[in-house]
Amino acid sequence: MSAITDVLPVEILHEIVSFIDSPSDVLSFGLSNKALADISIPHPCIYRVFRARISRSAAIWRFFAQADLAAGEVRELDILPENISDVCHGDYGPDRWMAEPLVVPKELAGRGQIQHFSGRPSFEQTRADEVLLIDAVKRMKNLKRFGWYRSPPPVIVDQNDLWHALGSSGSLEELDVVDEPFSVLTHAPAGYIAVKPLASTETFLSLRGLKTLTLYTHAYDQTQDKVDFTGIVGMLTGNKDLEKLHLFLKSPITMSITALIITAQWNHLRSLNISGRAHCIPSALLGFLHAHPGIEELSLAPLIIGKRWFQKPRNPPSKPLLPHLKRLQCRAFHVVWLVEHGAGSRVTELTGVLLSKRVVMNDVFFDDLDELDENDEDDIELDQSGEDVPSPFREPFLDILKSNRLPSLTHLGVTGDSNDLEDVVAAFPHIRELTLDFWVREARLDEFLPHLACLPLLTVFKAPVLFEYDRYHLYKHPNYDFIGNATRVCKLAKACPLLERIVFEKIQIVLIRGGGDGLKWVFRKLGDNEPVMREGEDVRYASDLGG
């Protein structure tokens with residue numbers, strides 16, 4: 001039998017391999033034929049995913065700009081921040097943002113492709129590096145995912161800029177970008193202040209064909225030269241195949257997203273996350289949710305509310321709202337509103353709930369001219385004194401838990417104090433996974449333990465500030481085994497006999513019970529949940545503490 005390379009040119013075979021996205025599929029393809037193995041193993045796999053800092057990778061961009069076959073292998077490209085401290089100031093921190101650059105292929109490193117220097121690059125140097133990056137991206141014909149985590153956005157904003165190059169390929173499906181038009185750096189190099197925000201960059205707003213979009217923008221958090229929100233609305237509504245949208249709006253004033261909610265038609269939408277000081281009319285949101293029944297994940301926090309949110313439905317809901325919704329992140333008043341309108345039958349995870357007994361109503365709602373409606377039958381009076389008053393949301397929310405109107409709920413995430421937790425446990429003792437966004441330090445842990453002990457099914461406990469860690473170097477896997485952390489683990493394991501995992505930040509503690517040596521645990525990355533010891537794994541023992 002003739003070798004396949006005798007039938008098809010090597011260039012054609014390279015093109016075939018370039019259309020296979022998964023490295024495992026590339027491997028299977030290569031194992032099917034010795035000649036194919038020489039083409040597809042391991043060369044294409046090493047170019048599938050790249051994470052790099054733009055200023056340290058000029059020679060890499062030159063390589064891809066001159067090597068069409070290698071550039072065609074790239075599926076994912078992330079541009080990382082120059083320094084991790086540039087981005088740790090915010091509340092948006094995806095794993096890729098915190099990641100170290102990937103180790104580049106040996107042939108690139110061997111040719112001196114990696115640049116090492118100290119200090120921050122100048123504006124002029126950054127501009128030159130971005131020109132090289134654009135030349136490389138133009139040849140990445142199969143690029144499906146692009147992430148920009150660098151502050152500030154690209155400095156080139158003409159018709160030959162980075163976004164034009166990304167849009168021209170026609171292959172881009174996933175975009176994850178950070179938009180900080182004014183650098184937060186203490187010593188920002190001259191020239192950066194003139195960078196346009198993405199929210200007003202024409203070529204960025206022209207991107208189409210996206211299935212996943214995550215945009216974290218400070219464009220509306222400016223004191224001058226306000227950015228028009230209609231540009232982002234046009235971009236979002238123009239990407240009709242969106243399956244996942246995460247929109248983070250940083251603004252000192254409340255922004256209305258009603259226009260977006262009214263015009264959007266995303267028939268494939270599965271995940272929606274809109275956060276920041278955003279507001280929309282509840283009737284518009286209700287219509288949107290009915291028109292998008294496929295949503296499985298919904299985040300509305302904080303989504304500032306107006307008076308109309310307090311109106312009860314005139315009639316019982318005629319059909320379930322969001323019948324596929326499983327994960328919900330919102331405030332207590334959103335939960336009450338959603339359940340009253342027929343949602344919640346399949347929700348398994350509810351997080352972001354504030355349980356304060358007293359609230360300042362002016363901090364919760366505001367008077368919005370968009371909410372004026374001549375057809376309103378009742379004028380709702382809400383306290384506007386600025387004083388704290390008993391929360392009108394707490395008891396309705398607890399009643400929902402008590403009455404089992406969220407019958408599938410297993411994971412609950414709440415913020416409050418130990419007294420609030422006591423009320424939650426009394427209302428819903430069947431919690432299997434609990435997230436506490438409390439400031440639970442070691443000195444206060446004992447206040448919570450009696451209430452945690454009343455959760456007989458609890459298997460996962462998440463407490464981001466319960467353990468000691470270094471958030472700026474999580475990706476380097478520091479030693480978390482402080483004596484205080486070990487003591488906390490033992491206390492929690494004793495109070496909750498079915499507890500399997502303790503999660504904080506990007507790391508988890510997996511408990512291993514049983515055996516002659518008692519309680520043991522290991523530190524692992526999220527997702528690695530099997531409660532067994534592995535050969536060579538660093539295992540901690542409660543007996544070392546005398547426990």
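Atoms considered below: every heavy atom in the structure, side chains included; atoms not considered: hydrogens, waters and symmetry mates.
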*Between the side chains of Gln329 and Asn273, does any donor sit under 3.5 Å from an acceptor?*
no
*Taking atom types as modelled, find out whether Ser271 and Glu297 have a side-chain donor-acceptor pair closer than 3.5 angstrom.*
yes
Is [X] reaching over with its side chain to a backbone N or O of [Y], donor-acceptor style, under 3.5 angstrom?
| X | Y | answer |
| --- | --- | --- |
| His451 | Phe448 | no |
| Asp423 | Asp420 | no |
| Ser408 | Ser345 | yes |
| Ser391 | Val359 | no |
| Glu349 | Leu412 | no |
| Asn239 | Gly209 | yes |
| Arg358 | Glu387 | no |
| Arg513 | Ala493 | yes |
| Trp148 | Arg150 | yes |
| Arg308 | Ser283 | no |

More than 12 non-hydrogen atoms from neighbouring residues, nucleotides or ligands closer than 6.0 Å to [atom1] on [X], yes or no?
| X | atom1 | value |
| --- | --- | --- |
| Arg277 | CZ | yes |
| Lys357 | NZ | yes |
| Glu537 | CD | yes |
| Lys240 | NZ | yes |

*Which heavy atom in Leu285 sits nearest to a heavy atom in Cys280, and how many Å separate them?*
CB-SG, 3.8 Å
Going by heavy atoms in the side chains, are [X] and [Y] under 4.5 Å from each other?
| X | Y | result |
| --- | --- | --- |
| Val414 | Leu436 | yes |
| Ile232 | Leu260 | no |
| Leu249 | Ile257 | yes |

_For the CG atom of Leu498 and the CG atom of Leu511, what is their distance to the nearest 0.5 Å?_
11.5 Å
*Straight-line distance of Trp521 CH2 to Ile509 CD1, nearest 0.5 Å*: 7.5 Å
*salt bridge (charged side-chain N to carboxylate O under 4.0 Å, His left out): pairs with one or both residues in residues 449-466, sequence neighbours excluded*: Glu433-Lys462
*asked:* Assess whether a salt bridge exists between Asp399 and Arg405, defined as any Lys/Arg side-chain N lying under 4.0 Å from an Asp/Glu carboxylate O.
replied: no
_Classify the ring geometry of Trp337 against His341: parallel below 30°, tilted from 30° to 60°, perpendicular beyond 60°._
tilted
_Test of ring centre spacing under 6.0 Å for Tyr216 and Tyr149_ = no
